[in-house]
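All chains are named by letter (A, B, ...) in the order of the sequence lines, taking the proteins before the strands, and each is independently numbered beginning at 1. Side chains included, hydrogens not; waters and symmetry mates left out as well; all remaining heavy atoms used.
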Protein chains: 2
Amino acid sequence: MSVRTKETCNKHIIPVRDALEVLGGRWKLQLLIHLSFGPRRFSQLAKELSPITDRTLSRELKSLEANKVITRTEYDAFPPVVEYKITPHGESLFAVISELGNWGRAHRKLIMDK
Amino acid sequence: MSVRTKETCNKHIIPVRDALEVLGGRWKLQLLIHLSFGPRRFSQLAKELSPITDRTLSRELKSLEANKVITRTEYDAFPPVVEYKITPHGESLFAVISELGNWGRAHRKLIMDK
DNA sequence: CTGCATCCTTTCGGATACTG
DNA sequence: CAGTATCCGAAAGGATGCAG
């Protein structure tokens with residue numbers, strides 16, 4: 001049963017695409033890894049991920065926040081203080097990222113060697 | 001030891017980016033899933049992945065072939081017959097894809113629900 | 001300090017037409 | 001049948017400047 005129709009294929013593909021969208025692009029992964037070491041402020045991240053631009057950093061952080069893998073906390077102070085922090089849902093991504101990394105290492109070995 | 005420098009971070013990030021590059025884009029994942037059911041010819045894939053264009057299908061197949069996750073076999077016949085097939089290295093990707101799918105499902109639940 | 005507005009470049013993928 | 005060549009539009013991402 002369960003013929004391979006476009007619909008049954010999509011049922012497999014859609015969740016994977018969802019995940020790839022959360023991780024996709026040049027910066028989200030790096031952001032996540034840096035935040036895995038602890039909460040960070042905007043300017044800290046800007047420095048650590050240099051040469052990222054403010055605009056891009058802002059956009060990426062919003063995307064991660066919308067996907068609930070990080071939180072944004074604004075403290076009432078002047079000058080402003082904002083802290084970004086990984087959520088449990090974000091932590092759960094690291095198992096997946098680690099698998100991707102393992103495959104990537106095997107892949108690099110296969111492609112580069114010999 | 002092992003401070004969190006840009007270099008140590010990159011050591012984690014680069015293999016993951018390698019993996020994401022192999023899977024990235026609109027079509028590679030679908031291609032892989034269709035090929036997981038058995039070898040396919042160019043026109044079969046074109047039909048199954050409709051509305052993909054010939055040009056795009058051709059490009060994506062070349063990319064997967066370059067990454068050694070599929071093979072391309074040309075049979076001497078007229079009209080031409082070409083068969084695409086997943087490699088063992090390609091098969092090993094499905095464990096990763098499955099993990100991505102699991103996370104994606106949990107993610108969708110979290111984002112869509114409530 | 002945090003971050004948005006505007007503009008610009010680069011990249012990705014699609015449309016159409018054509019070939020061995 | 002299995003592609004390639006050329007052209008093009010949409011989208012992602014960067015540079016610069018300004019604001020609360």
Side-chain angles (χ1 to χ4, degrees), chain A residues 6 10 13-14 16-32 34-35 38-67 70-86, chain B residues 6 10 13 16-35 38-67 70-86:
Chain A
K6 191 167 303 210
N10 277 342
I13 290 168
I14 289 176
V16 183
R17 292 188 64 85
D18 286 349
L20 290 179
E21 231 156 87
V22 174
L23 294 175
R26 174 171 171 190
W27 299 110
K28 298 199 189 67
L29 202 57
Q30 295 183 59
L31 237 14
L32 247 20
H34 278 268
L35 285 171
R40 289 280 183 282
R41 294 177 57 178
F42 189 90
S43 51
Q44 277 182 291
L45 290 169
K47 195 175 302 179
E48 292 176 353
L49 297 204
S50 171
I52 196 174
T53 65
D54 288 352
R55 164 168 160 64
T56 302
L57 177 55
S58 176
R59 251 194 341 232
E60 301 290 280
L61 286 169
K62 275 198 190 324
S63 159
L64 291 173
E65 191 194 359
N67 283 320
I70 67 172
T71 55
R72 175 186 183 279
T73 311
E74 204 173 332
Y75 295 97
D76 194 1
F78 190 87
V81 174
V82 176
E83 190 179 79
Y84 294 94
K85 193 171 176 303
I86 261 193
Chain B
K6 190 167 302 211
N10 278 341
I13 289 168
V16 183
R17 291 187 63 86
D18 287 349
L20 290 179
E21 232 158 86
V22 174
L23 294 175
R26 174 170 172 190
W27 298 110
K28 299 199 188 67
L29 202 58
Q30 295 185 56
L31 237 14
L32 245 20
I33 290 186
H34 278 267
L35 285 172
R40 290 280 183 281
R41 294 176 57 176
F42 189 90
S43 52
Q44 277 182 292
L45 290 169
K47 194 174 303 179
E48 293 175 352
L49 297 204
S50 168
I52 196 174
T53 65
D54 287 354
R55 165 167 159 65
T56 302
L57 178 56
S58 176
R59 248 194 343 231
E60 301 291 280
L61 287 169
K62 273 194 192 327
S63 158
L64 291 173
E65 191 194 357
N67 282 321
I70 67 173
T71 54
R72 175 186 183 280
T73 311
E74 202 172 333
Y75 294 97
D76 194 2
F78 191 86
V81 173
V82 175
E83 190 179 78
Y84 295 93
K85 194 169 174 307
I86 264 194

So, OP1 or OP2 of [N]: does either fall under 4.0 Å of a side-chain N or O from [X]?
X	N	result
A/R55	C/dT6	no
A/S58	C/dC4	yes
B/T56	C/dG14	yes

Revision key, fill the gap. With the side chain defined as heavy atoms from C-beta on, A/K62 is closest, among C/dG3, C/dC4, C/dG13, to C/dC4
Review point. How is B/R59 classified with respect to the nucleic acid when contacts are heavy atoms under 4.0 Å: base, sugar-phosphate, or nothing?
Key: base
Check your understanding: In whole angstroms, how far is the P atom of C/dG13 from the CG atom of B/D54?
Key -> 16 Å
Exercise for review: Take the protein atom CZ of A/R72 and the nucleotide atom P of C/dC1, then report the distance between them rounded to whole Å.
Suggested key: 15 Å
Revision key, fill the gap. Note: for A/Y84 and B/E60 on DNA chain C, the residue whose nearest nucleotide lies more 5' is A/Y84
Revision key, fill the gap. Chain A vs DNA chain D, heavy-atom contacts under 4.0 Å, first-to-last nucleotide span, 5' to 3', is D/dG13 to D/dG20
Practice item. Step by step, work out the side-chain contact (heavy atoms from CB on, under 4.5 Å) result for B/T73 and B/K85. Key: CA-CA 8 Å; B/T73 311; B/K85 194 169 174 307; 5.9 Å; no
Check your understanding: Which heavy-atom pair separates B/L23 from A/L20 by the least distance, and what is that distance?
Key -> O-CD1, 4.3 Å
Study note, to complete from the structure: Residues at least two apart in sequence or cross-chain that pass salt bridge (charged side-chain N to carboxylate O under 4.0 Å, His left out) with A/R40, listed by chain then number, are A/E48
**Study point:** Helix axis bend for the helix from C/dC1-D/dG20 to C/dG20-D/dC1 - C1'-based end axes, five pairs, 10° rounding
**Key:** 50°
